[in-house]
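Before any comments, here is the structure.
Order of listing sets the numbers, starting from 1, for every ligand and every atom in it. Just so it is clear, the values below take in all heavy atoms, side chains as well, and ignore hydrogens, waters and symmetry mates.
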Amino acid sequence: MLTNLLIASLLSMAAPSSSPEIVEGIQGYVPTPEVLESRQRFSDDKFGIFIHWGVYSMLGRGEWVMNTDKIRFSDYSILPGGFYPGNFDAAEWVSAFKAAGARYITITTRHHDGFSMFKSRWSDYNIVDATPFGRDIIKELADECHKQGITINFYYSLLDWCREDYPIGNSGHHSGRDESKANYASYLDFMCNQITELLTNYGPVGCIWFDGDWDHIKKKADGSYPDIDFDWGYGRIYELIHSLQPGCLVGNNHHRRTIPGEDIQLFERDVPGENTAGYSRTDVVSTALPLETCQTINKSWGFDINDHTYKTDQELIRLLVRTAGRNANLLLNVGPQPDGRIPALSLERLAQIGEWLSVNGETIYGTRSTLLKPQPWGVVTEKDNKIFLHVLEKPESGSIVLPLSLKVKSVRSFADGTELNFKRTKSELTVVLPESYDCSTDYIVEITAK
Ligand code: GLC
C-alpha cells in the first residue's frame with residue numbers, strides 16, 4: 001500500500017488538543033468488526049445527499065421557521081393536516097441521487113419541530129397518522145435505497161420544540177410549552193423507542209446522524225466550551241444503536257471532539273480544519289475516524305421558497321474535491337418542496353456533479369487523503385499505488401514540489417493521459433505542469449508509483 005511507503009510526518013490534520021472536555025458515551029467502546037467495516041465503506045463512499053424534509057416545507061422558509069417566526073405549537077400543528085406531497089416518488093429521488101454520483105442518502109426522520117416523517121407508535125404527530133398523505137415516506141425511501149443499492153442513513157434531532165417532556169434549551173422558546181413538565185428521563189425513553197423503530201422497521205441503516213446537542217450548550221463568555229453540560233445519556237443511546245444494528249454507524253453534529261461510541265466526526269458548513277461559518281472547531285479534527293462535512297446547495301437546509309442563491313456547478317465540484325482532499329466525505333443537502341419534488345435547480349446541479357464524477361470518480365471514490373495537507377494550489381487524494389494531485393489554483397512556478405520519497409512509474413494528466421515531466425530526488429518529487437491547462441474546476445495529475 002502506497003500509504004506505507006510514505007512518511008508519517010507528512011500527516012497534516014491538526015492533532016486533537018488536550019483540553020479537558022466531556023467524557024461520556026460508551027465507556028471503553030471497542031468498535032465491532034462490523035462497525036470497522038462500515039467505517040471503511042463510509043470513507044470510500046465520499047459523497048452523499050442530505051435531505052431536509054418536513055411539514056415546515058409548506059411554509060417555504062426553512063426548517064427553523066417554527067422557532068424564527070415564534071410560532072406556537074398549537075398553531076404549527078395545523079400544518080400536517082394539509083401536508084399532501086402528491087408528487088413524491090422515492091424511485092425518482094433515488095435515481096436522481098445515484099445519477100449525481102451519491103453513494104448514500106441521509107434524511108431527516110424527525111427534525112427540531114418534533115414531527116416524525118415515519119410511522120411511530122410513540123407519537124401520533126407523524127406523517128402516517130397526522131397527514132392526509134398517510135404514507136410513510138421514510139419506508140418508501142429506505143425500500144427504494146435498498147432496491148437501488150445505495151445506503152440510507154437517518155438524521156434524528158435530539159431536541160424537540162413540541163414535546164413537553166423535553167427540557168427547553170437554547171431554542172424553541174415561543175412554542176407555548178409548560179416548562180414545569182420537563183422530564184428528560186421520559187424524553188430519553190421516547191427517543192430510544194423511536195430509534196428502535198427506525199432500526200427495526202426499515203432494513204439496514206448506514207448511520208444514525210444526531211443533531212441538536214448544542215441546544216444545551218452554554219458557551220463560556222470567552223467563546224470556549226464548558227467541560228460538562230447537559231447529560232443526554234449518549235451511552236444508552238449509542239449502545240442501543242450498536243446492539244440493534246451492529247454495522248450501523250453513529251455520528252453526532254455536536255461541533256466538538258467525538259466521544260466513545262461515535263464512529264464518524266461531523267462538520268457543518270465547513271471542510272474539516274476550516275471554520276468560516278463558525279460551527280466548527282479546527283483543533284478537533286480526528287485522524288482516527290471517518291470525517292464528513294455537510295453543506296447546503298444554496299443557503300438553506302429545509303425548502304426556502306426565496307433562496308435562489310445556488311452555488312455554481314463548479315463551486316460544488318470544487319467543494320467535493322476540497323473535502324476529499326481533507327480525507328472527508330461531502331454530504332450535500334437538498335430541501336424538497338411541499339409537493340414532494342426536489343427543486344429543479346437542485347436537480348440540475350446534481351446532474352452536473354454526476355457528470356463530472358462519471359469521468360473523474362476514480363480520483364475521489366475509495367481514496368484517502370493523508371499524505372499531504374491541503375496546499376495553496378490544491379489537494380491530494382491517494383488510492384492503491386496512485387496519487388492524484390487536484391490542482392485548483394495555478395502555482396506561479398508552474399510546478400508542484402511534493403515532499404515525497406517515491407519511486408515513480410508515470411506522471412500523467414488524468415484527463416487525456418498526456419505524460420508530464422517530473423524530477424525526483426531522495427526526498428522530493430517535482431511535477432512540471434503543462435504550459436497551458438484549465439483548472440477552473442479541477443486539473444488532475446495522476447502519479448503512479450512503482
Ligand atoms: C444545524 C441546523 C439544522 C440543520 C443542521 C444540518 O444544526 O440547526 O437545522 O439540520 O444544521 O447540519
- prompt: Using a heavy-atom cut-off of under 4.0 Å, does the side chain or the backbone of N253 touch ligand 1, or both, or neither?
  reply: side chain

task: Specify side chain, backbone, both or neither for F267, according to which of its non-hydrogen atoms lie closer than 4.0 Å to ligand 1.
output: neither

Charged N-O contact under 4.0 Å between [X] and [Y]:
{"X": "E140", "Y": "R135", "result": "yes"}
{"X": "D263", "Y": "R39", "result": "yes"}
{"X": "R326", "Y": "E274", "result": "yes"}
{"X": "K147", "Y": "D143", "result": "no"}

Under the 6.0 Å and 45° cation-pi test, does [X] pair with [Y]?
{"X": "R269", "Y": "Y279", "answer": "no"}
{"X": "R163", "Y": "F190", "answer": "yes"}
{"X": "R103", "Y": "Y365", "answer": "yes"}

Using a 4.0 Å cutoff against the non-hydrogen atoms of [X], which atoms of ligand 1 qualify?
{"X": "W64", "value": "2 (C), 3 (C), 8 (O), 9 (O)"}
{"X": "H112", "value": "3 (C), 8 (O), 9 (O)"}
{"X": "E63", "value": "3 (C), 4 (C), 9 (O)"}
{"X": "H52", "value": "4 (C), 6 (C), 10 (O)"}
{"X": "W214", "value": "7 (O), 8 (O)"}
{"X": "H111", "value": "3 (C), 4 (C), 9 (O), 10 (O)"}
{"X": "C294", "value": "12 (O)"}
{"X": "Y155", "value": "10 (O)"}

query: Of the protein's non-hydrogen atoms, which lies at the shortest distance from atom 5 (C) of ligand 1, and what is that distance?
result: D211 OD2, 3.3 Å

message: Give me the nearest non-hydrogen protein atom to atom 1 (C) of ligand 1 as residue plus atom name, then the distance to 0.1 Å.
response: E268 OE2, 3.0 Å

- request: Might you work through the salt bridge (charged side-chain N to carboxylate O under 4.0 Å, His left out) test for R236 and D189, ending with a clear yes or no?
  value: CA-CA 10 Å; R236 176 174 162 200; D189 284 346; 2.9 Å; yes

